[in-house]
Engineer: 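I'd like to ask some things about the structure below.
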Protein chains: 2
Amino acid sequence: MLGEKRVAGLRVNLESMALVSNIHRASGFIRDHFERAILKDADLHWSAFVTLWCLWIYGELETRRLAAEAGVAKSTLSSILNMLEARKLVRRRTNELERRLVIVNLTASGAEVISGLFPKFNAEETRIVERLSPKQIQAATEAIRLILATIIELDGIAEDE
Amino acid sequence: MLGEKRVAGLRVNLESMALVSNIHRASGFIRDHFERAILKDADLHWSAFVTLWCLWIYGELETRRLAAEAGVAKSTLSSILNMLEARKLVRRRTNELERRLVIVNLTASGAEVISGLFPKFNAEETRIVERLSPKQIQAATEAIRLILATIIELDGIAEDE
DNA sequence: GCGTTATCGTTCGACATCGAATGAATTACC
DNA sequence: GGTAATTCATTCGATGTCGAACGATAACGC
């Protein structure tokens, strides 16, 4: 196998370790940075922002799908929606044809909040990748997408059918 | 600026958005995957594992430095160390020359745990990047490293001197 | 048709994490 | 040299997050 070194008597793949470690490290720094620099003023944490963003992009969404898109457990989404609904940024309603489902959508003021916030967010995204060439950005995105697909496949096979 | 598109009347840099979003998404999946597949048996969560790993690599470390290396707040590290110390995996002692400092190191059984766990961890790291070529891995690692450096510089300038 | 399963969203309890407050130890200042 | 300011790690309170348990609704089997 490529990239295997011996460290302290153990075979170690340093390259894969560095990549995984850096992904995780970057994620934490990015989250902290955005929460402090942009989300704090709106009094939103990362997951609440992503929730609003998903609703903005997809329009109305069932909670189950919304939880998956936002990357949180459905119980977590429930409490996020409680908070957002209390602030009148989103609205919940039951699907009358399938009364187990709950459909969520932005209110007018919810749409106002996210459309005011997103440009700042995107500007900051652009800023933190400004030292990368377009090619580097695309290559990194593609690489991470491959990793994601691999994990999802592994977990999917392991757990389900 | 490169990569700017118009979406719903807003200028959006889709490439930077996709990269940031994927980094965060991958981080969550990786964390969940490793905690379920490897760390659950040892009854350790991610941060506790990273803490042990840092001590294994660096040898003894002051708590302040250890918190930074592990990527957690110092208060979080305190509770992690309480747990690890209760399990006799690490040891704390005050530095006698500078009695404010606390120095942490692995016990024998702590070293045993991490040295038994790491090969599995690294094997899984290698597995989730197996679809990437060595060049892709290095390119992605370098790209993320650049992002990290950019954020740290931004935050450092903003907050400190 | 009616009980059994399956599938929703929500609630609940446990816990990881953080920031601010605290106390101990050291340094700086006059 | 003694007081003030600084710098540690820890504790404490608040909160975000998850998984399991729950109740409601729908689909299935016979």
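Here is the naming used below: chain letters follow the sequence lines, and residue numbers restart at 1 for every chain.
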Engineer: Does dC18(C) have its OP1 or OP2 closer than 4.0 Å to a side-chain nitrogen or oxygen of H45(A)?
Structural biologist: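 It does not, given that no N or O in the side chain of H45(A) lies less than 4.0 Å from OP1 or OP2 of dC18(C).
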
Engineer: Counting only side-chain nitrogens and oxygens, does T76(A) get under 4.0 Å of the OP1 or OP2 atom of dC18(D)?
Structural biologist: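 For dC18(D), OP1/OP2 do have a side-chain N/O of T76(A) under 4.0 Å.
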
Engineer: Take atom NZ of K40(B) and atom P of dC18(D), then tell me their distance rounded to the nearest Å.
Structural biologist: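 It works out to 16 Å between those atoms.
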
Engineer: Return yes when atom CZ of R127(B) has more than 12 non-hydrogen atoms of other residues, nucleotides or ligands closer than 6.0 Å, and no otherwise.
Structural biologist: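 For R127(B), atom CZ is not crowded (no more than 12 foreign heavy atoms under 6.0 Å).
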
Engineer: For DNA chain C, find the residues of residues 78-85 of chain A with a heavy-atom distance under 4.0 Å and give them by number; none if there aren't any.
Structural biologist: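 Within this stretch, S78(A), N82(A) sit under 4.0 Å of the strand.
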
Engineer: Within the 4.0 Å heavy-atom criterion, would you say R31(B) contacts the bases, only the backbone, or no part of the nucleic acid?
Structural biologist: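 Answer is sugar-phosphate: R31(B) comes under 4.0 Å of backbone atoms only.
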
Engineer: Is R100(B) close enough to dT26(C) that one of its side-chain N or O atoms is under 4.0 Å from OP1 or OP2 there?
Structural biologist: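 So the side chain of R100(B) is outside the cut-off, no N or O lying under 4.0 Å from OP1 or OP2 of dT26(C).
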
Engineer: Counting only side-chain nitrogens and oxygens, does R92(B) get under 4.0 Å of the OP1 or OP2 atom of dT10(D)?
Structural biologist: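 Looking at the OP1 and OP2 atoms of dT10(D), one of them is under 4.0 Å from a side-chain N or O of R92(B).
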
Engineer: Atom CD of E35(B) and atom P of dG19(D): how far apart are they, to the nearest Å?
Structural biologist: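 The answer, rounded to whole Å, is 9 Å.
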
Engineer: Is S47(B) near enough to dT17(C) that one of its side-chain N or O atoms lies under 4.0 angstrom from OP1 or OP2?
Structural biologist: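 Yes.
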
Engineer: Any side-chain N or O of R36(B) under 4.0 Å from OP1/OP2 of dG19(D)?
Structural biologist: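 For R36(B), the contact criterion (side-chain N or O under 4.0 Å from OP1 or OP2 of dG19(D)) is met.
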
Engineer: Need one value for T94(B): base, sugar-phosphate or nothing, where a base atom within 4.0 Å counts as base even if backbone is also close, heavy atoms only.
Structural biologist: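 Answer is nothing: T94(B) stays at 4.0 Å or more from every strand.
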
Engineer: Could you tell me how far apart L61(B) (CG) and dC8(D) (P) are, to the nearest whole angstrom?
Structural biologist: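 In whole Å, dC8(D) P and L61(B) CG are 14 Å from each other.
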
Engineer: Can you check the E62(A) CD to dT10(C) C1' distance for me, whole Å?
Structural biologist: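 E62(A) atom CD is separated from dT10(C) atom C1' by 16 Å.
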
Engineer: Mind checking whether V50(B) and V72(B) have side chains closer than 4.5 Å, heavy atoms only?
Structural biologist: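 No, every pair of side-chain atoms sits at 4.5 Å or beyond.
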
Engineer: Taking only side-chain nitrogens and oxygens of R65(A), does any of them come within less than 4.0 Å of OP1 or OP2 of dG9(C)?
Structural biologist: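 Looking at the OP1 and OP2 atoms of dG9(C), neither is under 4.0 Å from any side-chain N or O of R65(A).
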
